[in-house]
Every structure is written in C-alpha cells, then in structure tokens.
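Since the structure comes first, as structure tokens, the remarks are kept for the end.
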Amino acid sequence: MTQAFDVVVVGAGMVGAALATGLGRDGLNVAMVDRAPAPDFDPAAAPDIRVSALSAGSERYLRTLGAWPHILDMRATPYQRLAVWDETRHPLATLIPRTLTEVEFDAAALGASHLGHIVENSVTQQALWQTAGAESLVTVIAGQSVSTLEQTRQTVTLTLQNGQALEAKLVIGADGAQSRIRDLAGIGVARNQYNQQAMVISVRYQGPVENVTWQGFHPTGPRAFLPLHSAGPDHPGESWGSLVWYDAPEELARLKALPSEQLMAEIRKAFPSELPSLTHIDACASFPIARQHARHYFAGRVVLAGDSAHTINPLAGQGVNLGFQDAQCLQAMVKEARRAGDDLADPTWLGKYEQQRRPANRRMMMTMDLFYHLFSNRIPPVHLLRNLGLGAARALPFARNRVARYAMGIDEELPVIVKQLAARLPGIDQL
Ligand SMILES: Cc1cc2nc3c(=O)[nH]c(=O)nc-3n(C[C@H](O)[C@H](O)[C@H](O)COP(=O)(O)OP(=O)(O)OC[C@H]3O[C@@H](n4cnc5c(N)ncnc54)[C@H](O)[C@@H]3O)c2cc1C
C-alpha cells in the first residue's frame, strides 16, 4: 500500500532530522527515512569518534527546534577560546616570533559566554530524532533505504528496500555525501579530492576539561585538539578529547596500523606542545576529504540539503553548520510556498533556496581552499605571507573579531578581504 505525505526526508542524520522536525512543526505531514536503526545514547560509553564544533548560530537553531536541552542532558563541551598558528619549521620562521603569528579568539573579547560547543554527532542526531519523534505529523521510518524514485508532474514516489511505497509532493535528499537520492534524481556533482585525509583519534588526557580548541598548521596538514567531557569516576582527574591529524593517506595508513602505545608516541612527537598529557587512546578512524558541490540543488520534486548538496574541507569545522543553514532556509521556502498556496516543489521557491544557499556554501568552500593552499605550502614567500597574515589578523582586532563572529554564526558575511583572496583561487569558478 502507498502511504502519502507532503514531504519525505531521506537521510535522518543531523540535517535531515532537523528538517523533519521543523517541517512537522510547520504543519506538514512528513516521513523521515534512514537506512540506519534509531540512534541511542549510553552515558557510560566512550565518545562517538565523530564530533562537530557547533557554532552559536547552530545552537540557536537547535534551541528553536527544542533539541538543545536534549543535547545538554546528554553531553556537550563549550569552548571559550579558539587558537590557530603556523607550525612550519623554516629559517624565516625565526624572524617572526610565535607570539606574533598565533591568532586566538576569546569569547570574552566578543562579549559572549562561549564560542561554540563540541558535540558528538550521534548526540546531536539522537536529540533531533527525539524532537522529530515528538511531532505528531512526523512518521519515522528507521532501518530502510530507498531503492527507487519516480517523478510525475504531480508527485514523486519512493520505494523502500522492504517494498513499501511512499508518495510525496517533495522529497528532500539529506542522505550525506554519497547521496543516493541525488543520483536517482540525476543531479551530478563537481568533486575535488584533497591530497590529505583526516584521522580522528578519541583520547583521554590528564586534567580537567579544557576550554580551548586549537589547530597548528603543518605543511603536511593541520593537527587539531577538540575538548570533550570529563571521563568521570572511572578515570578520576581525566577528560576526553578528540584529535584530528591531517596528512597524506599513506602516512595515516601507517599510523593507523601501529599499536596504541606507538601511536601515542607518534602523537606526542608530532602534535604541538599545547597537547595535554595523554593517558589512553580509545579509537581512531580516517576520513577522505573532498570539496564537492552538487550541480543543482533541485531537480523536479527532489531537493538536496547538507552534505548531499556540498562537502567542504573540515579544517575549520563548518560542514554541519552550513547544513543547518540549508535546513533553515529550505524550511522557510517550503513554508512560504504553502502559505502562497503553491505546489511545495514550485521551482520559484526551490530556486530561491538555491539562490540563497549556493553562494554562501561556495564562499565557505573557497575560504577553506584558501587556508588549505596557503598552509600546505613550503615556498618561503608564501610562508612569510601567511605569517604576516596571521600577524596582521592578530594586530587588527576588528578584522579578527569579524572572522570570529562569522565562524560563530553571528555574522552571515565574511570580511571583504577574505572573500577577495578566496575568489582568486584556481578552479573556483567551476564550483
Ligand atoms: C573529520 C571530519 C570532521 C568534521 N568536523 C566538523 C565540525 O567540527 N563541524 C562541522 O560543522 N562539521 C564537521 N564535519 C562535517 C560534518 O560531519 C558533516 O557536514 C555532517 O555530518 C553532514 O550531516 P548530514 O546530515 O548532511 O549528512 P550525514 O551526517 O552524512 O547523514 C546522512 C544520513 O543519511 C542516511 N542515509 C544515507 N544513505 C541513505 C539511503 N540511501 N537511504 C536512507 N538513509 C540514508 C545515513 O544513515 C545518515 O544518517 C566534519 C567532517 C569530517 C569528515
């Protein structure tokens, strides 16, 4: 039997579950489908290997959806400071003292209580499944992936793995970077694989929960520290943290194959001296990183949001923050279409969604590329330039605060100088 809905959201990761909650709350009849079973949370378990820095803007959005209190009931770690510096060893580096080339953003200087929170992806997803499940108009279908998609002038029909058919006016593909919905709708992507991969390592360290997240840029890629919650009474005096080590795939494969003690020794050797004293490695996993942008955000009655529409280099941790901005914009457009009495897949409204989100997502991609090219480079003038750039950012509190406000999700626009630099990168016009 075919079940009819206004909207079917395929993929109930952080972005899809947020959209299902918001649309259900706006009075739409929604099905939320995910191939994975419902996520669960065990307070005694080690942290999820995948964590995200959620900006103040994302926090605001998650509050409006009612998910934020659920997140705080599980676990989230606020950070007040964010530091970035260049770790390249080069003769010219001695000309510029480290204190001049380190940029630190401080919540207090921006009049804020914190810059953001580090939250495990499974915690955010679990909170959003709770809010979606609490909406009477949202039907949650877990453990089913989509087999077929067929569009007519009036509707779109999906068949699930178990043969169940779902009919809707609009299908939202929020099924991640390898989106099947994007493929079934015939939407192509422009993709650029970086030479680096990201290895994420869950660790425990000695000491109270840190209030800073930092990243040192090495020519082979950045090395970053993200603080997590206290390790509790089982490990008194210890806290959890997440390390991210960007490097060539072969080097990360070598590191991943090492026994825990040897990997710990390599981390101590390679990471900046700011790294707290590590006591245990719980898990590590590596992720390929690519810049990917869908050629179109919609085709007929299918529209994309989050990683299915775009992935960026995670070095500044902005992927899901952008996805949440897509979700808010798309929800607003669907609401407007409905208020106007238009078809929910009316190209005028879906076109407005793409017009708003594509340039913003593209701008963030370009900015990440600018950082990637600038810092993965040993050429002396480039080294000098980036250090002068960091020095200038440090010396110009106004510019620095503008970047921080953008990263926090308070401002929507990057400073003009960053936009201009990013626009000069090769290959950007093909995005
Ligand atoms: C190393 C690393 C670090 C990162 N750090 C940050 C950070 O600090 N801050 C940040 O903002 N972002 C970060 N990101 C990016 C962030 O993880 C992604 O942008 C985010 O997970 C995208 O969410 P999503 O909901 O769009 O997609 P996903 O999280 O990929 O969710 C997709 C969902 O769709 C489901 N699905 C897939 N296919 C199907 C199908 N055929 N049928 C049904 N369901 C399906 C999956 O089960 C999943 O639940 C990082 C990424 C990486 C790799």
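As the structure lists them, so they are numbered: ligands from 1, and atoms in each ligand from 1.
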Geometric class of the W68/H117 ring pair [parallel <30°, tilted 30-60°, perpendicular >60°]
perpendicular
When you check the gap from the basic side-chain N to the acidic O, do E59 and R63 get nearer than 4.0 Å?
yes
Going by heavy-atom distance to atom 31 (O) of ligand 1, choose the closest among G13, G306, S55, A309.
G13
Can you report which non-hydrogen protein atom sits closest to atom 11 (O) of ligand 1, along with the distance?
V320 N, 2.8 Å
Heavy-atom contacts under 4.0 Å between V244 and ligand 1: side chain, backbone, both, or neither?
neither
Side-chain donor-acceptor contact under 3.5 Å, T21 with T131:
yes
Just checking H70: does its NE2 atom have more than 12 heavy atoms from other residues, nucleotides or ligands closer to it than 6.0 angstrom?
yes
Select the closest option to atom 17 (O) of ligand 1 among R35, M14, R50, Q144, judged by heavy-atom distance.
R50
Does a side-chain N-to-carboxylate-O contact under 4.0 Å join R301 and D343?
yes
Carboxylate-amine/guanidinium contact D326 R357, below 4.0 Å
yes
Atoms of ligand 1 less than 4.0 Å from V146 heavy atoms?
42 (N)
Is it the side chain (CB and beyond), the backbone, both or neither of S58 that lies under 4.0 Å from ligand 1, heavy atoms counted?
neither
Any heavy atom of S145 under 4.0 Å from ligand 1? The part involved is both
Can you tell me which portion of V51 lies within the under-4.0 Å heavy-atom range of ligand 1? Options are side chain, backbone, both, or neither.
backbone
Determine, considering heavy atoms only, which of V200, D34, V119 sits nearest to atom 1 (C) of ligand 1.
V200
Contact check, G323 vs ligand 1, heavy-atom distance below 4.0 Å
no
Which residue holds the protein heavy atom closest to atom 50 (C) of ligand 1, what is that atom called, and what is the gap in Å?
P314 CB, 3.8 Å
Among all the protein's heavy atoms, is there at least one whose distance to atom 34 (O) of ligand 1 comes out below 4.0 Å?
yes
Looking at A174, which atoms of ligand 1 are within less than 4.0 Å of one of its heavy atoms?
32 (C), 33 (C), 34 (O)
When you measure from the side chain of D175 to the backbone N and O of I181, does any donor-acceptor pair fall under 3.5 Å?
yes
Return yes when Q125 approaches ligand 1 closer than 4.0 angstrom through a heavy atom, no otherwise.
yes
Students often mix this up, so state it plainly: with edges at 30° and 60°, are the rings of W240 and H229 parallel, tilted or perpendicular?
tilted
With heavy-atom distances below 4.0 Å as the criterion, list the atoms of ligand 1 near N321.
11 (O)
Closest protein heavy atom to atom 24 (P) of ligand 1, given as residue, atom name and distance to 0.1 Å
V15 CG2, 3.9 Å
Considering non-hydrogen atoms of the protein only, which is the closest contact for atom 30 (O) of ligand 1, and what is the distance?
G176 CA, 3.5 Å
Pick out which of H310, Q318, Q325, Q356 makes a side chain to side chain donor-acceptor pair (under 3.5 Å) with N361.
H310
Over 12 foreign heavy atoms within 6.0 Å of CG, N195
no
Main-chain N/O of S55 paired with N321 side-chain donor or acceptor, under 3.5 Å
yes
Which ligand 1 atoms, with their elements, are less than 4.0 angstrom from a heavy-atom of N121?
17 (O)
Heavy-atom proximity to atom 18 (C) of ligand 1 ranks first, among I181, L160, D307, for D307
Return yes when atom CD of Q178 has more than 12 non-hydrogen atoms of other residues, nucleotides or ligands closer than 6.0 Å, and no otherwise.
no
In terms of residue, atom name and distance, what is the protein heavy atom nearest to atom 13 (C) of ligand 1?
S52 OG, 3.8 Å
Of the choices N313, D175, L304, which has the non-hydrogen atom that lies closest to atom 37 (C) of ligand 1?
D175
Parallel, tilted or perpendicular, as decided by the 30° and 60° cut-offs, for the rings of Y353 and Y297:
tilted
Closest to atom 9 (N) of ligand 1 among protein heavy atoms sits G317 O, 3.0 Å
Quick check: does any side chain N or O of N29 sit under 3.5 Å from a backbone N or O of F5, one acting as donor and the other as acceptor?
no
Atom 8 (O) of ligand 1: the protein heavy-atom neighbour that sits closest, reported with distance to 0.1 Å
A53 N, 2.8 Å
Write out the residue and atom name of the closest protein heavy atom to atom 15 (C) of ligand 1, then the distance separating them to 0.1 Å.
G319 CA, 4.0 Å
